[in-house]
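Atoms within each ligand, like the ligands themselves, are counted from 1 in listed order.
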Amino acid sequence: MPEAPRLILASLSASRKAMLAGAAVPFEATPSQVDEAALKVGFSGPPAALASTLALAKAQAVSSQQPDALVIGGDQLLVCGGKIYDKPRDLPEAATHLRTLSGQTHELVTAVCLVQGGAPVWTHVESAHLSMRRFSEDFLQAYLAAEAGEILHCVGAYRLEGPGAQLFTRVEGDYFTVLGLPLLALLGALRERGVLAA
Ligand SMILES: Nc1nc2c(ncn2[C@@H]2O[C@H](COP(=O)(O)OP(=O)(O)OP(=O)(O)O)[C@@H](O)[C@H]2O)c(=O)[nH]1
């Protein structure tokens, strides 16, 4: 049985690292340094295609430096009312995002891929749909104060596994996909490639 390749996560995401570590997946993490904003400019395809493109770009950037490794790329977009939202730049923008999302159902489009030798060997996209309740301004201010250090890293300005759960009335889709990685599909792909035991 040939030795399994080194596994590298091309991501800064604390949530993605925590999910892989929690699932006892042996991996290293390396940021990709990809300019996501530049890749988003002028992109005209559907959100799933954009998320896959960004995930692949991140993984290929790391794979070009580590061609023998198996590199995981991930990306997540939030879509609401036909508009794609980026991670909030600051707390006022997080407040604006949350006020816009309240009372609506938004979609999280989460892509993951595997790249080796610079070439994509597997890609997968999953969506989740989250229904956010209408909340008071007092609640919002208390939530932002409590989560100030955490939510600017999250595309929806919430952590579902934390106080963000208080924002929602319903979540449809895979929990891991919400947190930023379609973990169960990825684990299956890793088993198929001998990285994890079948
Ligand atoms: N902890 C947590 N993180 C979330 C949640 N929803 C979205 N995220 C994170 O929001 C981020 C989406 O932004 P991306 O651009 O895909 O990834 P990133 O954090 O910039 O990291 P890179 O892969 O280095 O680009 C990811 O880190 C997700 O893990 C959640 O409910 N909980």
Applying side chain to side chain donor-acceptor pair (under 3.5 Å), run through E126 and T110 and close with a yes or a no.
CA-CA 5 Å; E126 269 186 49; T110 309; over 6 Å; no

Measure the acute angle between the ring planes of Y158 and F168, then classify it against the limits of 30° and 60° as parallel, tilted or perpendicular.
perpendicular

Drop me the distance from D90's CG to L152's CG, to the nearest 0.5 angstrom.
7.0 Å

Any ion pair linking D68 and R6 (charged N to carboxylate O, less than 4.0 Å)?
no

Would you please name every residue forming a side chain to side chain contact (heavy atoms under 4.5 Å, CB included) with P163, sequence neighbours left out?
Y143, E147, R159

Kindly tell me which protein residues have any non-hydrogen atom under 4.0 angstrom away from an atom of ligand 1, grouped by chain and ordered by number?
S11, L12, S13, S15, R16, E36, K58, G74, D75, Q76, K87, H153, C154, V155, Y158, R159, L160, E161, V178, L179, G180

Joint hydrophobic cluster, V62 plus V115, side-chain heavy atoms closer than 4.5 Å:
no

